[in-house]
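Here is how names work: the chains are called A, B, and so on, in the same order as the sequence lines, proteins then strands, and each is numbered from 1. Since the structure is predicted, the reported quantities are computational estimates derived from the model, not experimental observations.
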Amino acid sequence: MPELPEVETVRQTLKHFVLNKKIISADLRYPKIIEDEPEIFKQAVSNKKILDIDRMGKYLIFLLEEQTVFIAHLRMEGKFNIKSTDTFYQKHDHIIFHFDDGTDMRYNDTRKFGRMKLVGMNYVDEPPLSQLGKEPFDITEEELYRKIHHSSLAVKTVLLDQHIMSGIGNIYANEICFHMKIDPRTKASRLSKKRTRELIEISVSVLKEAIKQGGTTIHSFDANGIHGLFQVKLSVHGQKNCTVCKNSIKKIMLNGRGTYFCPFCQKKRY
DNA sequence: AAAAGGCCCTGGTCGC
DNA sequence: TGCGACCAGGGCCTTT
């Protein structure tokens, strides 16, 4: 499930393959992925080169010629593959971009949760990107503290709220709580300014480490078939025993999300 | 207003 | 072995 580090890895990998290639046409095999009218989307992207790929939070931003921009969110299992046009489509290949050099960029998504949509040139100022909080790399202690110190939400829930900070998903939220040595259910309002600063610092280090390692692969995430590079050892998410104290990891549901923590290392701070 | 719950989807796992 | 029930979960929408 791609979070900021995985999306960043996809962005960098994809850029290597598609920059300055011209999209001849797009084939929308499962149109629901596209939030625009199919014909409008196809028309908009056709006969334009991809000039750059940017990223905000977990969104990829494709910058094309003639001030055309579309965003893509991979959600749970979305991925892009580069294939020769004459190869067979794979199961769950939903959106196909045909390039002028005989290759395709194929969007594959088993669960069809991902979405793409056209946005304006000032995409930063329009939804959904305008709704995103800053990434942990950019947010200040003051801003985060202001946003959470009255919140009754759990720390982990706050980490997952893209309006507060963007880029963190369920796996890294669990990891960050672990490194904070905090019970994920602890109310965010209990965090002091000092602990808020630590929350940012730990978020940054966890994300940076994952980017460095090429993103975490769990389940079916895959950037252009480069699997083997992604072997990030997780400290708590999906673990049976604590990687520090060896005691049993507890799994609970918090806001409908699988939440892993070590009851010994992660004490509630009330 | 904030917070909780439902929905979208498929494939894997589980129990009978 | 076969099959149905259930779970996973990001973001958006609806309900409370």
- Distance in angstrom units between A:R75 CZ and B:dC7 P, rounded: 16 Å
- Message: Does a side-chain N or O of A:K112 approach OP1 or OP2 of B:dC7 to a distance below 4.0 Å, or not?
- Response: no
- Item | Distance, rounded to the nearest Å, where A:I171 contributes CD1 and C:dG10 contributes P | 8 Å
- Message: Any side-chain N or O of A:K91 below 4.0 angstrom from OP1/OP2 of B:dG11?
- Response: yes
- Task: Would you check, one step at a time, whether the test salt bridge (charged side-chain N to carboxylate O under 4.0 Å, His left out) holds for A:R11 with A:D54?
- Result: CA-CA 7 Å; A:R11 185 186 76 84; A:D54 207 344; 5.1 Å; no
- Query: How long is the line joining CE of A:M76 and P of C:dC7, in whole Å?
  - Reply: 16 Å
- Query: How about A:Y107 and A:H94: are their ring centres within less than 6.0 Å of each other?
  - Reply: no
- On the 0 to 90° scale, with breaks at 30° and 60°, tag the A:F97-A:F80 ring pair as parallel, tilted or perpendicular. tilted
- Query: In whole angstrom, what separates A:D161's CG from B:dA1's P?
  - Reply: 16 Å
- 5' precedence on DNA chain C between A:F113 and A:H163 (nearest-nucleotide basis): A:F113
- Query: Can you tell me how far P of C:dC7 sits from CE of A:M253, to the nearest Å?
  - Reply: 8 Å
- Item | Whether A:Q67 side chain and A:E65 backbone form a donor-acceptor pair below 3.5 Å | no
- Note on the structure: Atom CG of A:N170 and atom P of C:dG11 are separated, to the nearest Å, by 11 Å
- Message: For B:dA2 and A:S151 - does any side-chain N or O of the residue sit under 4.0 Å from the phosphate oxygens OP1/OP2?
- Response: no
- Query: At under 4.0 Å between heavy atoms, what does A:K251 touch on the DNA or RNA strands: base, sugar-phosphate, or nothing?
  - Reply: sugar-phosphate
- Task: Can you tell me the distance, in whole Å, between the CD1 atom of A:I148 and the P atom of B:dA2?
- Result: 15 Å
- Item | Side-chain N,O (A:R257) to OP1/OP2 (C:dA8) below 4.0 Å | no
- Kindly say if A:Y59 contacts the phosphate of C:dG10, meaning a side-chain N or O under 4.0 Å from OP1 or OP2. no
- Message: Over all strands shown, is A:T157 touching base, sugar-phosphate only, or nothing at heavy-atom distances under 4.0 angstrom?
- Response: nothing
- Query: When you check the phosphate oxygens OP1 and OP2 of C:dG10, does a side-chain N or O of A:H73 lie under 4.0 Å from one of them?
  - Reply: no
- Query: Side-chain N or O of A:H92 less than 4.0 angstrom from OP1 or OP2 on B:dG11?
  - Reply: yes
- Task: With heavy atoms under 4.0 Å as the rule, sort A:G258 into base, sugar-phosphate or nothing.
- Result: sugar-phosphate
- Message: Donor-acceptor pair, distance only, cut-off 3.5 Å: does the side chain of A:E8 make one with the backbone of A:L4?
- Response: no
- Item | Interatomic distance where CG belongs to A:L254 and C1' belongs to C:dC7 [whole Å] | 17 Å
- Query: What is the nucleic acid contact for A:N255, judged by heavy atoms within less than 4.0 Å: base, sugar-phosphate only, or nothing?
  - Reply: sugar-phosphate
